[in-house]
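Remarks on the structure that follows.
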Amino acid sequence: MNNTITGKPSRLTLSYIDAFLWFNVLILPIFDNASGLLFKLNIIGDGSIGSPSQLGRLIATLCVIYLITKYSSKNTQKFAFILFSYFVLVEVASALIHWQLMAFLYGLVAALKVVYAAFCLLFLVDLVNTNKLTQADLERWMIIYGTVICILVLLAYTSGFHIANYSTGIATRGLFISGNGLGVVMGSCALVLIHRIERFKLKQIFHVLLLLSTTALVGTKGGLIFFLCGLLYLGLKMARQYSVLMTVFLMIIAYFAIIPLLDILGSVFNNIIYKFNNIDDKWLLLASSRDKFIIEAFEQVSWLGAYAFRFLFGMGAYFGYLDPQNSIASIRKLLENDLFELFFSYGVIASFSYCCLFFYGAFHALVYKKIFYICLFLLVFLHSIIAGHIIFNGTSSIMLAFIFAAIFCPKISAVNQKKCSS
């Protein structure tokens, strides 16, 4: 539906794209908060089938399928069809072994989470390659999304009706069921906002600090890393622009605010500080025993006979490393590591493809000298393969798509070069 005279996308096409993006950045977080509300009231559990979040992601997945079918290139459509077929067929094949309806439904929900993330990535990359979206557009959507998440977390926290991340301290995830992905979303958006700012103004500094402080308020290790990276990037960029003023400003802040700020941060990261002081092996603090979970998974998994095929294709999300012929009453221990969750659920093909995706994006960013996006992509990917909660987390998975698409924003004319530069 491109304008045949100018070669530009029609207004109708752009309105469909805008509607889809608004649904993702504004409506889906509300669906997520509805799930958190039901979780807080003990009406549903973590991972329950049929939650508002799952309904919202199903609608979003159907929308992106429609948009890919109607507006994307043939290659993108073929790739999307292969991805969809692969993940659904793995769950179907697993169901033919275990014959459990709830396990099959759980597997489909997990498969659609991966499909949703992959389809958003494919669609957004296709849009930037056809000049329907610029890097400036993508960055604007990322900032809107992070700000919406930030406001929802703060509203829930200030109301007193929220979900605490830990039994001690003030860390919160608002009304989001999972807090681990929130730091990625708000931290990434804060970094993008800092990156976009050419001349700092009071309103922009307040916006950045709001995002960073809410990132810290989540209280996770990933949130702490993004918070520190954001503060460092903000300080370096401000110091470069206002060297003398920045030095004076920092001295004043250090004198009057360092002790109360440290007290607040100590309360937010109370759980991390306690573990740091009481765990001799600091790797355990970083991994949160995920390495043990992965080792135990390899000890439990069976590769005998026909089960050898699970190395290539996995055994579906519900059973993963367990024996699908044994009935299990509750959801298995999730590994909270996207790379190995992909491996046990969908095989080495899926996990290897995910690694290739990262190296392909990083190589492209390196070639086109998008250093900022190499660093941001690396942060998100490392969070994914160490702490998880990216690929299988609907709230944060779209950030991977936004960042990957921003990497592939093509170089355009000198008039618009300023918009799409890294």
Side-chain angles (χ1 to χ4, degrees), residues 113-114 117-118 120-121 142 145-146 149 165 178-192 194-195 211-212 215-216 218-233 236 269 272 275-276 279 281-295 297 334-345 348 350-366 370-408 422:
K113 287 181 181 179
V114 182
C120 285
L121 188 149
M142 280 190 272
Y145 187 47
I149 299 295
N165 258 348
S178 174
N180 288 280
L182 299 181
V184 174
V185 174
M186 292 183 292
S188 296
C189 292
L191 288 167
V192 170
I194 296 168
H195 182 66
L211 286 168
L212 288 177
T215 301
V218 176
T220 61
K221 290 185 287 292
L224 175 60
I225 291 171
F226 274 94
F227 170 71
L228 294 176
C229 288
L231 279 183
L232 178 62
Y233 192 25
L236 289 173
F269 296 106
I272 297 175
K275 289 181 178 178
F276 182 85
I279 296 176
D281 187 354
K282 304 308 178 187
W283 168 250
L284 293 178
L285 176 64
L286 179 64
S288 295
S289 299
R290 286 173 174 85
D291 54 338
K292 291 185 177 180
F293 300 152
I294 294 168
I295 292 170
L334 299 178
L335 302 178
E336 297 189 78
N337 177 300
D338 288 343
L339 194 62
F340 286 98
E341 277 292 346
L342 280 172
F343 171 70
F344 285 110
S345 298
V348 71
S351 56
F352 180 73
S353 299
Y354 186 42
C355 291
C356 289
L357 179 77
F358 167 73
F359 287 113
Y360 180 56
F363 175 76
H364 193 279
L366 185 63
K370 297 192 173 186
I371 305 303
F372 169 76
Y373 277 101
I374 292 176
C375 297
L376 182 57
F377 195 35
L378 179 62
L379 272 176
V380 174
F381 183 76
L382 287 176
H383 190 289
S384 176
I385 65 172
I386 294 174
H389 299 283
I390 302 294
I391 295 296
F392 293 93
N393 186 312
T395 304
S396 54
S397 63
I398 195 171
M399 289 305 302
L400 192 68
F402 277 131
I403 295 168
F404 196 83
I407 287 173
F408 281 81
S422 65

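The model shown is predicted, which means the values in this text are computed figures rather than measured ones. By convention here, the first residue in the shown sequence is residue 1.
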If only atom types and distance count, is the side chain of [X] paired as donor or acceptor with the main-chain N or O of [Y] below 3.5 Å?
X: Glu336; Y: Gly388; value: no
X: Lys113; Y: Gly394; value: no
X: Ser351; Y: Val348; value: yes
X: Asn337; Y: Ile385; value: yes
X: Asn180; Y: His389; value: no

Find out whether [X] and [Y] are in side-chain contact, i.e. whether some heavy atom of one side chain is under 4.5 Å from a heavy atom of the other.
X: Cys375; Y: Leu379; value: no
X: Thr220; Y: Leu224; value: no
X: Val380; Y: Phe226; value: yes
X: Met186; Y: Val218; value: yes
X: Phe372; Y: Leu376; value: yes

Gap separating the [atom1] atom of [X] from the [atom2] atom of [Y], nearest 0.5 angstrom:
X: Tyr360; Y: Ser353; atom1: OH; atom2: OG; answer: 14.0 Å
X: Ile407; Y: Ile374; atom1: CD1; atom2: CD1; answer: 7.5 Å
X: Ile149; Y: Met399; atom1: CD1; atom2: CE; answer: 10.0 Å
X: His195; Y: Cys189; atom1: NE2; atom2: SG; answer: 14.0 Å
X: Phe408; Y: His364; atom1: CZ; atom2: NE2; answer: 4.5 Å

- Task: Please work out whether the ring planes of Phe340 and Phe343 are parallel, tilted or perpendicular, with thresholds of 30° and 60°.
- Result: perpendicular

- Tyr233: which of Leu212, Leu191, Leu228 passes side chain to side chain contact (heavy atoms under 4.5 Å, CB included): Leu191

- Message: Let's go through Leu182 and Ser396 carefully: what are the C-alpha distance in whole Å and the side-chain angles of both, what is the deciding distance for side chain to side chain contact (heavy atoms under 4.5 Å, CB included) to 0.1 Å, and is it a yes or a no?
- Response: CA-CA 7 Å; Leu182 299 181; Ser396 54; over 6 Å; no

- Query: Taking atom types as modelled and ignoring hydrogens, do the side chains of Asn393 and Ser178 form a donor-acceptor contact shorter than 3.5 angstrom?
  - Reply: yes

- Flag the pair Phe358 / Tyr354 as yes when their ring centroid distance falls below 6.0 Å, and as no otherwise. no

